[in-house]
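What you are looking at is a predicted structure, and each value in this text was computed from that prediction instead of being measured.
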Amino acid sequence: MTRRIAYLENGKSPDKESGLPELMEKAGFTLDYFWASQMEFPDSLDNYSGIFLSGSAYGAYEDVNFIHKEHDFIRNASETDIPMLGVCFGSQILASALCGKDQVFRRSNCHVGFLNLDKAEAAKNDLLMRGVSDKFRLLIWHNDEAKSDHPDMNILATTDIAPNQIWRYRDKKIWGIQGHPEVNNKNAVKWLTPVRDYMEKDGMDIDKLAPQIDENIVGKTLINNFLAVCHDQ
């Protein structure tokens, strides 16, 4: 049986540095790419085992045509049993679509660094968080943020100043990861170099940041846990 994932590209250019497509393909999945920011979406969700929502420089609250269409796409997909995972903007647009547009806001300052996260009580038996220790690190970089107090949000991991870093929608197979589980010591320089100017404006020196990033076993675990859920569809 061929297992397929609908991979929604929300950026202004396709993802080339994250390594996520290669990880998914290595796990046995065929990826169908849709350039969502150019209004490309699946015509049907039949035969898909999962949906992945990428990051973006857009804000999930912006009045942009593709964002409105993606909201509708997410809401329709949530009525099925297809697992969904959003990373960075992908997490925010899940929150905006499923919990309300007022759930995503612009921070007063950027939250950035290779930072410590704490696993929340709700994560103990969560499928996405299997094998993740009570304290772990991820690359965090966001000016926008999803709130944490919506009743349909189960918060799975937090940082000291941003309480919604990983979350699950109700008891559905729908998760958002605010940080970047795809970045590790093998791809950090390639991933960070194109965004150097943006990150420096946000107060981070990438020459100091890159050496802090380790092999990021946790990030790979999170992605593989999601793929395991998709595999069982």
Does a sphere of radius 6.0 Å around [atom1] in [X] hold more than 12 heavy atoms from other residues, nucleotides or ligands, not counting ones at 6.0 Å or beyond?
X: Lys220; atom1: NZ; value: no
X: Asn47; atom1: CG; value: no
X: Asn125; atom1: CG; value: no

(message) Suppose the criterion is salt bridge (Lys or Arg N to Asp or Glu O under 4.0 Å): which pairs have a residue in residues 202-217, not counting sequence neighbours?
(response) Arg196-Asp207
(request) Just grab all the salt bridge (Lys or Arg N to Asp or Glu O under 4.0 Å) pairs involving residues 77-98, residues at least two apart or on different chains. (result) Asp81-Lys173
Is the backbone of [Y] close enough, under 3.5 Å, to the side chain of [X] for a donor and an acceptor to pair up by distance?
X: Ser37; Y: Gly11; value: yes
X: Asn225; Y: Arg130; value: yes
X: Ser96; Y: Ile93; value: no
X: Asn164; Y: Lys147; value: yes
X: Asn184; Y: Asn187; value: yes
X: Thr193; Y: Lys190; value: no
X: Asn154; Y: Arg170; value: yes

(message) Assess the residue pair Cys88 and Gln178 against the criterion (side-chain contact (heavy atoms from CB on, under 4.5 Å)); give the C-alpha distance rounded to whole Å, side-chain angles, the decisive distance to 0.1 Å, and a yes or no.
(response) CA-CA 4 Å; Cys88 196; Gln178 177 57 69; 3.9 Å; yes
So [Y] and [X], do their side chains get closer than 4.5 Å, heavy atoms only?
X: Phe136; Y: Met129; answer: yes
X: Leu31; Y: Glu25; answer: yes
X: Phe114; Y: Val183; answer: no
X: Asn185; Y: Asn216; answer: no
X: Leu156; Y: Trp175; answer: yes
X: Val229; Y: Leu85; answer: no
X: Leu117; Y: Ile140; answer: yes
X: Ser91; Y: Ile177; answer: no

Are [X] and [Y] connected, step by step, through hydrophobic side chains (Ile, Leu, Val, Met, Phe, Trp, Tyr) whose heavy atoms are closer than 4.5 Å?
X: Ile51; Y: Ile223; answer: no
X: Val64; Y: Trp35; answer: no
X: Met199; Y: Ile213; answer: yes
X: Leu8; Y: Met24; answer: no
X: Ile74; Y: Met153; answer: yes

(message) Applying the side-chain contact (heavy atoms from CB on, under 4.5 Å) criterion to Leu139, which one of Leu209, Val112, Leu115 satisfies it?
(response)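 By the side-chain contact (heavy atoms from CB on, under 4.5 Å) criterion, Leu139 pairs with just one of Leu209, Val112, Leu115: Leu209.
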(message) Salt bridge or not between Lys69 and Asp72? Use side-chain N to carboxylate O under 4.0 Å.
(response)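 Salt bridge between Lys69 and Asp72, a charged N being under 4.0 Å from a carboxylate O: no.
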What is the minimum heavy-atom distance between [X] and [Y], and which atoms define it?
X: Val132; Y: Thr221; result: CG2-CG2, 4.2 Å
X: Tyr48; Y: Ala6; result: CD2-N, 3.5 Å
X: Ala210; Y: Val189; result: CB-CG2, 4.3 Å
X: His111; Y: Ala162; result: CD2-CB, 3.6 Å
X: Lys172; Y: Ser78; result: NZ-O, 3.0 Å
X: Asp144; Y: Gly59; result: OD2-CA, 3.5 Å

(request) Report the C-alpha separation of Gln92 and Gln103 in whole Å, then their side-chain angles, then the decisive distance to 0.1 Å, and conclude whether the side-chain hydrogen bond (donor to acceptor under 3.5 Å, both in side chains) test is met. (result) CA-CA 8 Å; Gln92 295 161 12; Gln103 292 301 301; over 6 Å; no
Out of curiosity, [X] [atom1] to [Y] [atom2], how far, rounded to the nearest 0.5 Å?
X: Glu70; Y: Met39; atom1: CD; atom2: CE; answer: 10.0 Å
X: Ser56; Y: Glu9; atom1: OG; atom2: CD; answer: 10.0 Å
X: Lys119; Y: Asp134; atom1: NZ; atom2: CG; answer: 5.0 Å
X: Thr158; Y: Asn116; atom1: OG1; atom2: CG; answer: 10.5 Å

(request) Only counting residues at least two apart or in another chain, list the ones meeting side chain to side chain donor-acceptor pair (under 3.5 Å) with Lys135. (result) Asp118
(message) Show every ring-ring contact (aromatic ring centres under 6.0 Å, His included) that has at least one partner inside residues 51-96, sequence neighbours left out.
(response)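 Sorted result for residues 51-96: Tyr7-Phe52, Phe41-Phe73, Tyr58-Phe66.
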(request) Please collect all ring-ring contact (aromatic ring centres under 6.0 Å, His included) contacts where either partner lies in residues 211-233, sequence neighbours excluded, each pair once. (result)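 The answer is none; no pair qualifies.
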(message) Is the ring pair His180/Trp141 parallel, tilted or perpendicular, if the boundaries are 30 and 60 degrees?
(response)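 Taking Trp141 first and then His180, their aromatic rings sit tilted (interplane angle of 30° to 60°).
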(message) Arg168: which residues meet the salt bridge (Lys or Arg N to Asp or Glu O under 4.0 Å) condition with it, sequence neighbours left out?
(response) Asp126
(request) Before giving the answer on side-chain contact (heavy atoms from CB on, under 4.5 Å), spell out for Glu182 and Trp191 the whole-Å C-alpha distance, their side-chain angles and the decisive distance to 0.1 Å. (result) CA-CA 9 Å; Glu182 72 272 29; Trp191 195 95; 3.6 Å; yes
(request) Just do the side-chain contact (heavy atoms from CB on, under 4.5 Å) check on Leu53 and Leu94 with the steps written out, would you? (result) CA-CA 9 Å; Leu53 312 175; Leu94 282 174; 3.6 Å; yes
